[in-house]
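This report refers to the structure that appears directly beneath it.
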2 protein chains.
Amino acid sequence: MTTEQTTIPLHALKLSCSNCSLRELCLPVGLNREEMTQLDAVIRQSRRIKRGEYLFRSGEGFKSLFAVRTGFFKTCVSSQDGREQVTGFLMSGELMGLDGISSNIHGCDAIALEDSEVCELPFNRIESLGRDIPSLQHHFFRLMSREIVRDQNVMLLLGNMKAEERLAAFLLNLSQRLAIRGFAANDFILRMSREEIGSFLGLKLETVSRTLSKFQQQSWISVDHKHIQLVKPDELKTLISGCVHSNSAE
Amino acid sequence: MTTEQTTIPLHALKLSCSNCSLRELCLPVGLNREEMTQLDAVIRQSRRIKRGEYLFRSGEGFKSLFAVRTGFFKTCVSSQDGREQVTGFLMSGELMGLDGISSNIHGCDAIALEDSEVCELPFNRIESLGRDIPSLQHHFFRLMSREIVRDQNVMLLLGNMKAEERLAAFLLNLSQRLAIRGFAANDFILRMSREEIGSFLGLKLETVSRTLSKFQQQSWISVDHKHIQLVKPDELKTLISGCVHSNSAE
DNA sequence: AGAGAAGCTTGACTCTTGTCAAAGCGGAAT
DNA sequence: ATTCCGCTTTGACAAGAGTCAAGCTTCTCT
């Protein structure tokens, strides 16, 4: 049942752009055939990124957005003294680089957590194409807005929740996003280290480890290193019921 | 020296749209006279919001963005059990409602912290105008991206910084934004309560109070209820040097 | 295959922040 | 002008998470 890699399932591929598995990007837009062709022309051939490699770095010039085609990424900002804050984990169909638009400079690092493939979307061409295809323009506004909503939910998590709640919310969020992509919701492999989870959740790696152990002792989950099974996902949901945003539809 | 109200200074007004003091919105775009007229036509007459009133609520239908003309707002998301997370404090020229675009439903509450005025920007008209005026379209993408960058910096703050660092960063950020608007950078009135500051910074109100007292004991600031003076802003800067984002140009 | 490095778990202890409580002050409304 | 309520400050104590350390497992690279 274990998902070997977070690859987008085939049926989604077929329904989306011809050269790019961007479910998020293409499906909801409702483009006709000609518009789809135009968009395809803009999307550069996909690019392979090996595990551990940077897709882009904070401070580099911004030209393109990148959509994850296969694989798994993290994005993070670093402070001057080296503290690292992971700002997100991205799986297939999700967009990176939106923070670079404001200043034409990337505001975070994007690092592959497994061998991955991305599609490059040159932003100036997206902009001009958006002027010709209103629904595409609207879709990009929506994508950016969704990122803002996501960030606000992370703020709620970092500002208000206890360690157990944070970790439960994290596991359930991963589970849900995998399920949407056609993978098992309750049996998956973590692509990131305890330290990276901790950085994302505002916790130390020891706290992450201890909390996972606690969940396992309660038989809510089973932990075998990076292999996680949600045995009683409802218990996790109960734990965070109340402390999640009223209409958190992420 | 105290700023009685966060009103945008006159020279900025003159340089911006004729019916709306939206420095952020108008100045950097470089619109010509006719385009400016078009934009003015879209911006609805400004609306007054009394202190304590909601501009919009989470869950309400989204139609428009709102720009603060005068006054001061907070935006916040609430969890089901009533925990409130303040996601931002907004002063003149800043935009609210960007999170509503994704689902056509507002994702947060916007509440006036003093008697305020806002300009309403119907989003569908902004979108269509953006198609005619590329620089306007680009400007809105940039505004949304800037919001994402801001949110990432807040994540860094909530995830990595200690109470003193958070409060120092908060005070310096306020100071800087006031200075940009022509107000005194080191002598200002807080528009929000200790509890609201705490909610924004992920701290309890008592911790905010104690930390302010600590700063005062060190003669770094002077605190008289809501009246704050930054006596030694450089000490505050030293405190957060290192833990702020490398290129945090907010 | 073996060695070394990196990552994970767990324990003991510390420390920052949260919680509870009480008292003081100021501002808003009558 | 007065009263009351809400905000703020401060103290004492509790608790959750961080720090430090040791030992173990797994993975990677040679």
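Note: hydrogens, waters and symmetry copies are ignored here, and every other heavy atom, side chains too, is used.
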Checklist line | Whole-Å gap separating P (dT17(C)) and CG (Leu201(B)) | finding: 12 Å
Next item on the list: Can you sort out the partners of Lys214(B) under salt bridge (charged side-chain N to carboxylate O under 4.0 Å, His left out), two or more places apart, ordered by chain and number?
Entry: Glu164(B)
Check: When the distance from NZ of Lys204(A) to P of dC15(C) is rounded to whole Å, what number comes out?
Finding: 16 Å
Notebook entry, point to check: Strictly by modelled atom types, are Glu84(B) and Ser199(B) linked by a side-chain donor-acceptor pair under 3.5 Å?
Noted result: no
Check: Whole-Å distance between dT9(C) P and Leu167(A) CG?
Finding: 11 Å
Notebook entry, point to check: Base, sugar-phosphate, or nothing for Leu205(B), non-hydrogen atoms under 4.0 angstrom?
Noted result: base
Next item on the list: Check the distance between dT16(C)'s P and Arg166(B)'s CZ and give it to me in whole angstrom.
Entry: 14 Å
Check: Should Arg210(B) be listed as having a side-chain N or O under 4.0 Å from OP1 or OP2 of dT17(C)?
Finding: no
Check: Just how far, in rounded Å, is P of dG18(C) from NZ of Lys162(B)?
Finding: 12 Å
Notebook entry, point to check: Is the number of heavy atoms from other residues, nucleotides or ligands within 6.0 Å of CD (Glu117(B)) greater than 12?
Noted result: yes
Checklist line | Presence of Lys226(A) side-chain N/O under 4.0 Å of dC8(C) phosphate oxygens OP1/OP2 | finding: yes
Check: If you measure only the distance, is there a donor-acceptor pair under 3.5 Å linking the side chains of Arg48(B) and Ser116(B)?
Finding: no
Check: Can you pull the contact range of chain A along DNA chain D, 5' to 3', using atoms under 4.0 angstrom from its heavy atoms?
Finding: dA17(D) to dT28(D)
Margin query: Please identify which of these residues, Leu178(A), Thr70(A), Ile180(A), meets the side chain to side chain contact (heavy atoms under 4.5 Å, CB included) condition with Met91(A).
Written below: Leu178(A)
Notebook entry, point to check: side chain to side chain contact (heavy atoms under 4.5 Å, CB included) with Leu55(B): which of Ile111(B), Ile49(B), Thr75(B)?
Noted result: Ile49(B)
Margin query: Can you work out whether Glu206(B) or His225(A) has the more 5'-proximal nearest nucleotide on DNA chain D?
Written below: Glu206(B)
Margin query: Check the orientation of His106(A) and Phe56(A). Use parallel for under 30°, tilted for 30 to 60°, and perpendicular for over 60°.
Written below: parallel
Note to self: Taking only side-chain N and O atoms of Thr207(B), does any of them lie within less than 4.0 angstrom of OP1 or OP2 on dT17(C)?
What the structure shows: no
Checklist line | Ile197(B) CD1 to dT17(C) P, straight-line distance once rounded to whole Å | finding: 16 Å
Check: CZ of Arg194(B) versus C1' of dG26(C): gap in Å, rounded?
Finding: 13 Å
Check: When all nucleic acid strands are considered with a 4.0 Å heavy-atom cut-off, which category describes Gly202(B): base, sugar-phosphate, or nothing?
Finding: sugar-phosphate
Check: Touch check for Gly198(A), heavy atoms < 4.0 angstrom, all strands: base, sugar-phosphate only, or nothing?
Finding: nothing
